[in-house]
Structure formats: structure tokens, C-alpha cells
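First the proteins, then the strands, lettered A, B, ... as listed; each starts at 1.
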Protein chains: 2
Amino acid sequence: MLNGIKPIAAKSMAERVEASLREYFAKGNFKPGDPLPTELELAAALGVSRNVVREALSRFKMLGIIETKKKTGMVISNPDIVGTFQKVLTPEIMDEATLQDLFELRLVLELGIADLLFIHKTPKDIEELEDIVAREVKGDNFRINNEIAFHGKLYEMTGNETMKQFQTLLLPVFGYVMKLENKKYVSGEITHKDLVRILKKGTVQEFKDGMASHLQPHVDRLRQKK
Amino acid sequence: MLNGIKPIAAKSMAERVEASLREYFAKGNFKPGDPLPTELELAAALGVSRNVVREALSRFKMLGIIETKKKTGMVISNPDIVGTFQKVLTPEIMDEATLQDLFELRLVLELGIADLLFIHKTPKDIEELEDIVAREVKGDNFRINNEIAFHGKLYEMTGNETMKQFQTLLLPVFGYVMKLENKKYVSGEITHKDLVRILKKGTVQEFKDGMASHLQPHVDRLRQKK
DNA sequence: TTTAGTAGTTATGTTCTACATTTTAAAAGT
DNA sequence: ACTTTTAAAATGTAGAACATAACTACTAAA
């Protein structure tokens with residue numbers, strides 16, 4: 001008969017202080033540049049040692065949510081989203097299931113990216129893509145670096161900064177999964193060159209179909225795996 | 001003529017220790033569950049105080065990269081990717097451009113999700129979707145909660161845990177953007193009900209087209225905005 | 001009057017010590 | 001052989017002390 005019994009406060013002080021501060025930040029309507037109380041004041045207000053407060057603050061510093069200068073104190077700042085992501089996405093540490101998840105995530109992104117591309121594409125973008133494809137033909141095909149250059153450029157073209165940064169984050173994961181499963185990179189019937197041609201003169205729908213065909217082998221592998 | 005001049009080591013000890021540990025983790029080929037040296041040993045090896053080590057470790061704890069138990073010590077574990085994202089994505093702090101970026105990201109995800117859905121769908125999933133749609137018709141249409149239930153279920157169906165968590169993360173952003181721009185939720189010609197029907201009896205291609213149509217108003221808005 | 005320099009103050013950065021807490025493992029007792 | 005007790009080893013927390021950097025104000029020299 002232990003229903004309803006829950007641990008009082010299983011979490012560590014640092015964790016609780018982190019939560020408190022997060023709430024404090026949210027409710028305080030802070031803008032970047034706004035000053036914060038000193039460590040000592042926070043410690044006193046929260047009833048914990050300065051040490052614990054510093055551990056919590058250290059976390060926010062890592063996320064780029066606060067910045068510190070001696071004597072001046074601490075101020076709120078803009079969090080570094082991508083930098084933070086990079087810190088978590090260490091392929092060496094993640095288990096295979098998570099890597100697989102991220103691989104699928106990347107696949108989904110590329111399958112759905114067509115509309116954004118056609119909204120934002122410029123002649124200059126097309127030129128760059130053509131350059132990339134030209135280099136591919138000269139060198140050896142299907143190399144992972146070509147993949148990175150080509151698909152990376154696509155993400156960049158979306159004009160969406162977050163998505164672009166996302167791509168750079170997902171790249172190592174992509175390579176990792178490829179290395180694990182196939183030892184080499186595969187491509188569908190539609191090549192990069194074809195995709196560029198469609199992007200230049202074709203329609204959105206044609207590009208969607210083209211990209212689907214290009215990525216088909218990967219999707220097929222998922223289907224088999226299931 | 002100050003080119004090439006850079007600060008010697010502006011970073012704090014905690015930051016440097018964090019970097020060292022990250023390198024140590026990467027090179028050590030650690031798998032989840034592998035034990036780590038004690039705080040004292042790390043402090044000694046790095047030549048810093050235990051306090052600094054603890055601040056760095058605290059950061060890894062927040063990211064879910066390490067877990068600690070008393071006496072047992074610390075072990076490597078699977079980083080909590082989405083949880084970390086949530087910690088950085090405090091809407092109060094994000095600027096509007098980032099919110100817009102995330103909105104587009106969500107759009108792209110849903111436009112590219114079709115293949116995964118058809119790979120993983122089960123009769124039970126379809127039933128649940130039909131239930132959700134049925135409740136929609138009874139209540140008022142186009143409510144944001146219906147959107148959440150419906151699209152959320154789609155993410156869940158992918159069988160991709162990371163993607164599913166991503167959805168819950170992106171939801172508030174979606175609502176935020178909606179509130180900012182339209183004050184109400186809009187839908188294309190294809191309704192949720194139509195989508196469920198296609199998912200049940202149609203083809204992947206039909207579903208792709210259907211989803212594109214369903215989300216068309218949003219894509220159009222992006223096009224205008226540009 | 002302006003400038004340079006100097007001292008003092010304050011908040012973060014770092015170290016050290018001590019003790020609490022929890023959990024494992026050994027030791028002791030039945 | 002089994003249970004209980006005790007000890008240890010690791011993290012968790014606290015507090016004090018000093019180092020360091022940066023801002024302030026005052027002072028002295030040009």
C-alpha cells in the first residue's frame with residue numbers, strides 16, 4: 001500500500017536550483033543584457049551554498065543563456081542553440097537506436113524540403129549546385145564528401161538558418177550510420193545532376209518525385225529493417 | 001596590426017575541463033553504462049580543484065551524458081537530445097526569426113513524413129486517428145488542440161522516438177507563430193479526415209499529395225512573405 | 001583643466017577543508 | 001549458512017579564504 005507515495009525531493013540541489021532559476025528567468029521577462037543578482041544573493045535567497053548555485057549557473061553558461069564578467073556580474077544573453085546541440089550530438093556516445101532515429105529525421109527533412117527550395121532558390125544558388133555536381137563527375141562518385149557538399153547547399157538554400165545549422169549537426173550522424181550499415185554510400189536512379197536540372201527548369205512536384213527517387217534506397221532499407 | 005593576436009586562454013577552468021572531458025569521452029569509446037574515474041581522480045589528473053571538475057560534470061549531467069550514483073560513481077549514459085533542446089528553447093528568450101525558422105522546420109518534417117508512416121502504420125494506429133478525427137467533427141473545427149492531437153499521433157506513428165519528442169517540442173512554437181500571424185488556424189482543401197482515409201486505403205504518393213494540399217496555406221504564406 | 005596613475009571595492013573564479021549521505025562490501029555474530 | 005553490523009568509498013553540500021578582473025573615485029603631475 002504505497003500508492004501515492006513519492007520521493008520528497010530525489011533531485012540534487014543543483015538540479016532544483018536550475019529549475020528555480022529557469023522559472024525565475026521565464027517569469028522575469030528578461031531581455032538579453034538584463035542583469036542578474038549576484039551569486040551570493042542567489043545563494044542566500046535560495047537557501048543553498050554558493051557552490052550549488054555555481055553548479056546550476058555553470059549549466060546556463062554552457063547553454064549560452066547567461067554570460068558573466070568579473071565585477072560586472074551576470075547578464076541574460078541569447079542561447080546558442082546550435083552550439084548546444086553540437087554538445088549533445090556526439091556520435092561516439094549515442095547508442096545505435098538514437099543514431100538510427102536521427103538518420104531517419106534527416107531523411108524526412110530532405111523529403112519535405114522541396115517547397116522551401118523553390119521559394120528561395122536564386123540563379124546563383126543553381127550555379128553553385130552545378131559547380132558541385134561538376135566536381136563530382138570529375139572525382140569519384142558517391143563519395144560522402146560530395147553528399148555533404150550537395151545536400152548541405154540545399155539546406156543552405158532554404159534561407160532557414162536553424163535548418164542549415166541542423167544539417168551540419170546531422171551530417172556526422174549520417175556518415176556514421178552509413179559507415180555502420182553499408183560501408184559505402186548508395187544513390188537512387190535520380191542523381192544529383194538530375195536534381196539540379198529539375199530545380200533549375202522543372203516544377204516543385206517533379207523535384208519532390210526526384211528527391212524521393214534519389215533517396216529511395218534508404219527508404220527501402222528502412223522498410224526491410226522493419 | 002593586431003592580426004593573428006588571440007587571447008591566450010580566456011576561457012574559464014570549468015570550460016576547459018568540459019572540453020577535456022568531452023575529448024576523453026570521445027576517444028575512450030565509451031558505451032552507456034561504462035564507469036568513469038572519480039571526481040577526485042579527475043581533479044588530480046587535470047590539475048584543478050574538485051569544485052571545477054564538479055561544475056563541468058554538472059553540465060554533462062544536465063545533458064544526460066553522464067549519470068551519478070553515490071558510492072558507485074559516474075557512468076556514461078545516453079544523452080537526452082530533446083530534453084536538452086527544450087532547455088535551450090525557452091520561447092521567452094527566442095527571437096521571432098528563430099520561431100519562424102522552427103515553424104518552417106516543422107512544416108518540412110510533416111511534408112516529408114509520408115514514407116515513414118506507411119512503413120510503420122498499424123490498424124490500431126488508423127483506429128486512433130479515426131477517433132481523433134471523429135472528435136474533431138463533433139467539436140469545433142480548426143482548433144489548435146485538434147491539430148496537436150492529429151499531427152502528434154502522426155509523429156508517434158513513425159516509431160521514431162526522437163521525432164516524436166521533437167513534435168512535442170515544436171508544438172508550442174507552432175501555436176506561437178499561429179497566434180502571431182493569423183489569430184486562427186487554417187487548413188487546406190484536404191482535411192484530417194481525408195488524410196486518414198488515404199493512409200488507410202491509399203498509396204504513399206496519394207498521401208504525400210494529400211499532406212501537401214493540407215499544408216498548402218502555410219506554404220503559400222511563406223511564399224508571399226518572401 | 002586634463003590626463004595619467006593609484007588605490008580601493010566588488011563580483012566572479014578557484015582552491016581547500018570538512019562533513020553529510022548513500023550504497024556497496026566486508027566483518028562479525030548468531 | 002544467514003542475518004546484522006560496521007566500515008569504506010564515492011558523490012552531495014557547506015563554508016571560508018584568497019585570486020583575479022574590472023569599475024570607481026581620488027590624487028598627482030603635465
Side chains of A:Leu42 and A:Glu39 in contact at under 4.5 Å (non-hydrogen atoms): no
If I take atom CZ in residue B:Phe60 and atom C1' in nucleotide D:dT11, what distance separates them, rounded to the nearest angstrom? 17 Å
I need the CD1-P distance between A:Ile66 and C:dA11, as an integer number of Å. 16 Å
Contact nearer the 5' end of DNA chain C, comparing A:Glu39 with B:Thr72: A:Glu39
Hey, what do you get for CD (B:Glu130) to CG (B:Leu199), rounding to the nearest 0.5 Å? 9.5 Å
Parallel, tilted or perpendicular, as decided by the 30° and 60° cut-offs, for the rings of A:Phe60 and A:Phe25: perpendicular
Is the shortest side-chain N/O distance from B:Thr38 to OP1 or OP2 of D:dA9 below 4.0 Å? no
Result for 5'-nearest mapping on DNA chain D, choosing between B:Leu40 and A:Lys69, is B:Leu40
From CG of A:Leu36 over to C1' of C:dT12, roughly how many Å is that when rounded to an integer? 13 Å
How many whole angstroms separate atom CD of B:Glu67 from atom P of D:dT11? 14 Å
Please list, for nucleotides 15-20 of chain C, all pairs of protein and nucleotide N/O atoms separated by less than 3.5 Å.
| residue | atom | partner | partner atom | Å |
| --- | --- | --- | --- | --- |
| C:dT15 | OP2 | B:Ser49 | N | 3.0 |
| C:dT15 | OP2 | B:Ser49 | OG | 3.2 |
| C:dC16 | N4 | B:Asn51 | ND2 | 3.0 |

May I ask you to say whether B:Lys27 pairs ionically with B:Glu23, meaning some side-chain N is under 4.0 Å from a carboxylate O? yes
What is the distance from CG of A:Leu57 to C1' of C:dG13, rounded to the nearest Å? 13 Å
Spacing between B:Glu18 atom CD and C:dG13 atom P, to the nearest angstrom: 14 Å
Just how far is it from atom CZ of A:Arg223 to atom CZ of B:Phe118, taken to the nearest 0.5 Å? 10.5 Å
Please state how far atom NZ in A:Lys11 lies from atom P in D:dT13, giving the value in whole angstrom units. 13 Å
Using whole Å, report how far CD of A:Glu41 lies from P of C:dT10. 12 Å
Taking NZ, NE, NH1 and NH2 as the nitrogens, is one of them in B:Glu156 or B:Lys164 under 4.0 Å from a carboxylate oxygen of the other? no
side-chain N/O A:Thr68 vs C:dG13 OP1/OP2, d < 4.0 Å: yes
A:Glu18 and A:Arg22: CA distance, side-chain angles, deciding distance, salt bridge (charged side-chain N to carboxylate O under 4.0 Å, His left out) verdict: CA-CA 6 Å; A:Glu18 184 201 329; A:Arg22 193 175 296 283; 2.9 Å; yes
